[in-house]
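This report refers to the structure that appears directly beneath it.
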Amino acid sequence: MPELPEVETSRAGIAPHLQGQSISRLVVRRPRLRWPIPADLAARLEGQRVLAVHRRGKYLLIEVAAGAALLHLGMSGSVRILPRGTPAGKHDHVDLELESGQMLRLTDPRRFGALLWQGADEVHPLLASLGPEPLSEAFDAEYLVRCCKGRRGTIKALIMDSHVVVGVGNIYANEALYLAGIDPRRAAGRIAAQRLACLTAAIKSVLARAIEQGGTTLRDFVGGDGKPGYFAQQLNVYGRAGAPCPGCGTILQEVRLAQRSTVYCKACQK
DNA sequence: CTAAGGACCTGTCGGC
DNA sequence: TGCCGACAGGTCCTTA
């Protein structure tokens, strides 16, 4: 479910409910996610006050004085604020209970998500090698050009690589390449710098707009406050194979790149 | 080092 | 109606 806009929407939804609250209890119902939830996580969090809820890439960081709980939503994860004591369903893994009487509940049917611990003076290995935030100044045309230099793999795979830039998943990679007029199958190292500058701008613009709209509603996605996102209405290519290109009317093509569904307009994207 | 493919899970949908 | 395979928002790890 979640790409960067969905994770940011979740962060904004849950942060006001968590910030400043003391954690009264961590209930781990099903510890098996992508990696097991650390057995000592409850002891680290209970009694601590939440200082802030930050986001790095697609990770949420629930920060307390001693460190942070790292939360990744994987493909199917979601978080919700609920009254404490709400009956748990089959895929509800964890409840973070707060003194307010509310709790943060993590649900993740496919279990590709993760809940880990990072001490205050360390950077978790999973975060250590991440690329820049796409909406930051560090991610600019010059940087992307440098990343593409000599790369023979496809441009789509490159922008989806979290070591290059974080937060660009399959939906927004398709959309950004459409906006920039670049064929997703092109070798990254064979695209002119000026066109990569367009792509940089397209990535920023599509992500920023999606965040404004509260993310993209796909199947069961809801943000932290339970409101669905509205970006789906603005998708140009993702999920539209066989339909006409919004720009020129040519039928949109679908191919598989790196095992991911890839939709593009053969007339508009070169 | 790069690039490609498999792996991890469950739910849903379309086709027969 | 029922079963079976294909596919889904991610990304780490292994292999070549």
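Each chain gets a letter, A, B and so on, in the order the sequences are listed, and its residues count up from 1.
- The distance from atom CG of A:D161 to atom P of B:dT2 is 9 Å, rounded to the nearest whole Å.
- A salt bridge does not link A:R29 to A:D92: none of the charged nitrogens lies less than 4.0 Å from a carboxylate oxygen.
- Stacking of A:F112 onto the six-membered ring of B:dC8 is present: less than 5.5 angstrom between centres, less than 30° between planes.
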Tabulate atom names and distances for all N/O pairs under 3.5 angstrom spanning the protein and nucleotides 12-14 of chain C.
residue	atom	partner	partner atom	Å
C:dC12	O4'	A:R34	NH2	2.6

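- Between A:R256 and C:dA8 there is a side-chain polar atom (N or O) within less than 4.0 angstrom of OP1 or OP2.
- Remark: P of C:dG9 and CZ of A:R110 are 9 Å apart, rounded to the nearest angstrom.
- Around CD of A:E142, the count of heavy atoms belonging to other residues, nucleotides or ligands within 6.0 Å does not exceed 12.
- Other residues, nucleotides and ligands place more than 12 heavy atoms under 6.0 Å from the CZ atom of A:R195.
- Between A:L33 atom CG and B:dC9 atom P the separation is 11 Å, expressed in whole Å.
- Between A:H91 and B:dT10 there is no side-chain N or O to OP1 or OP2 distance below 4.0 Å.
- The CD1 atom of A:I159 sits 15 Å away from the C1' atom of C:dG9 (whole-angstrom rounding).
- For A:R151, the listed nucleotide lying nearest its side chain is B:dT2; candidates were C:dG9, B:dT2, B:dT10.
- B:dT10 atom P lies 7 Å from atom CZ of A:R30, rounded to whole Å.
- Between A:R56 and A:E133 there is a salt bridge, since at least one side-chain N of the basic residue sits less than 4.0 Å from a carboxylate O of the acidic one.
- The residues A:D183 and A:K270 are annotated as not salt-bridged, no charged nitrogen and carboxylate oxygen being separated by less than 4.0 angstrom.
- Summarising the geometry, the separation between CZ on A:R190 and C1' on B:dA3 is reported as 16 Å, rounded to the nearest angstrom.
- For A:Y238 and C:dG9, the shortest distance from a side-chain N or O to OP1 or OP2 is below 4.0 Å.
- Under the 3.5 Å distance criterion, the side-chain polar atoms of A:R55 are left unmatched by any main-chain donor or acceptor of A:V7.
- Of the listed nucleotides (C:dG9, B:dT10, B:dG11), B:dG11 has the atom at the smallest distance from the side chain of A:K90.
- Residue A:S261 has a polar side-chain atom (N or O) positioned under 4.0 Å from OP1 or OP2 of C:dA8.
- Separating the CE atom of A:M160 from the P atom of C:dA8 is a distance of 11 Å, rounded to the nearest angstrom.
- Comparing the same atom, C1', in C:dG9 and in B:dA3 gives a spacing of 23 Å after rounding to whole Å.
- Side chain A:R111 to base B:dC9: no donor-acceptor pair is found below 3.5 Å.
- Listed pair A:R260 / C:dT11 fails the phosphate criterion, with no side-chain N or O lying under 4.0 Å from OP1 or OP2.
- Screening A:L71, A:L73, A:V53 against A:S10 for a side chain to side chain contact (heavy atoms under 4.5 Å, CB included) leaves a single residue, A:L73.
- For the pair A:R32 and B:dC9, the criterion of a side-chain N or O lying under 4.0 Å from OP1 or OP2 is met.
- Rounded to whole Å, the separation between the C1' atoms of C:dT11 and B:dT12 comes to 23 Å.
- Comparing the P positions of B:dG6 and C:dA6 gives an interatomic distance of 14 Å, to the nearest angstrom.
- Distance alone, capped at 3.5 Å, places no donor-acceptor pair between the A:Q102 side chain and the A:L82 backbone.
- B:dC8 atom P lies 14 Å from atom CD of A:Q259, rounded to whole Å.
- Pair assignment for C:dG9 gives none, since no Watson-Crick or G-U wobble pairing has each distance under 3.5 Å.
- Between A:R152 and B:dA3 there is no side-chain N or O to OP1 or OP2 distance below 4.0 Å.
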